[in-house]
Colleague: 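Pasting a structure here, questions to come.
Keep in mind that what you see is a predicted model, and the values were worked out from it rather than measured. Note: hydrogens, waters and symmetry copies are ignored here, and every other heavy atom, side chains too, is used.
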Amino acid sequence: MRILAVLMVLFLVIPMLVAQGTADDNRIYDEVRRKLANDADVRGAGIGVTVKSGDVVLTGQVRTEKAKEKATTITKKTKGVKQVDNKLSVLGA
């Protein structure tokens with residue numbers, strides 16, 4: 001009986017923990033996209049943002065090396081981001 005109670009608690013708690021991680025990733029995604037779109041050096045670039053467990057991958061193209069570096073800086077400063085993998089390429093480089 002005790003094992004059954006423990007299993008039932010686990011089945012109730014684990015989905016909530018998974019959903020919390022997804023909610024955090026969604027918030028990070030939205031915030032990073034908003035910050036990048038509002039930055040004068042970065043906006044207008046075709047930047048893809050992927051978030052998994054707080055790890056962010058940036059993909060696409062930017063116009064300058066400065067924009068690439070700034071995208072990393074902006075992303076790292078976002079609450080909840082653990083690490084940034086900047087795979088952006090610079091147009092014409």
Colleague: Between the side chains of R27 and D25, is the shortest nitrogen-to-carboxylate-oxygen separation below 4.0 Å, so that they form an ion pair?
Modeller: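 Here D25 does not pair with R27 in a salt bridge, since their nearest N and O are not under 4.0 Å apart.
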
Colleague: Do any N or O atoms from the side chain of N86 and from the backbone of K68 form a donor-acceptor pair under 3.5 angstrom?
Modeller: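 Pair found, side chain donor or acceptor close to backbone of K68.
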
Colleague: Any idea which heavy atoms bring Y29 and V49 closest together, and the distance?
Modeller: CE1-O, 3.2 Å

Colleague: Nearest 0.5 Å, what's the CD1-OG1 distance between I28 and T75?
Modeller: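 Answer for the CD1-OG1 pair, I28 versus T75, is 10.5 Å.
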
Colleague: Measure the CD1-CG distance between I47 and D39 for me, rounded to the nearest 0.5 Å.
Modeller: 9.0 Å

Colleague: If the threshold is 4.0 Å, N to carboxylate O, is there a salt bridge linking K66 and D41?
Modeller: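 Yes, K66 and D41 are salt-bridged.
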
Colleague: Please report the interatomic distance CG(D24) to NZ(K79), rounded to the nearest 0.5 Å.
Modeller: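 One gets 9.0 Å once the value is rounded to the nearest 0.5 Å.
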
Colleague: Tell me whether K70 contacts the main-chain N or O of V42 through its side chain, where contact means a donor paired with an acceptor under 3.5 Å.
Modeller: no

Colleague: Tell me whether V84 is reachable from V32 by hopping between hydrophobic residues (I, L, V, M, F, W, Y) whose side-chain heavy atoms are closer than 4.5 Å.
Modeller: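 As far as the 4.5 Å side-chain criterion goes, V84 and V32 are connected within one cluster.
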
Colleague: What distance do N38 atom CG and R33 atom CZ have between them, rounded to the nearest 0.5 Å?
Modeller: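 Going from the CG atom of N38 to the CZ atom of R33 covers 11.5 Å.
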
Colleague: Let me see the working for D85 and K87 under side chain to side chain contact (heavy atoms under 4.5 Å, CB included), right down to the final yes or no.
Modeller: CA-CA 6 Å; D85 183 5; K87 295 183 176 182; 3.0 Å; yes

Colleague: Would you say Q61 and V90 make side-chain contact, with heavy atoms under 4.5 Å?
Modeller: no

Colleague: I'd like to know if the side chain of T64 reaches the main chain of A67, judged simply by a donor and an acceptor atom lying under 3.5 Å from each other, with no hydrogens or angles considered.
Modeller: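 Between the backbone of A67 and the side chain of T64 there is a qualifying donor-acceptor contact (under 3.5 Å).
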
Colleague: Might you work through the side chain to side chain contact (heavy atoms under 4.5 Å, CB included) test for T50 and V56, ending with a clear yes or no?
Modeller: CA-CA 6 Å; T50 306; V56 180; over 6 Å; no

Colleague: Mind checking the OG1-NZ spacing from T73 to K35? Nearest 0.5 Å is all I need.
Modeller: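 Going from OG1 on T73 over to NZ on K35, the span is 11.5 Å.
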
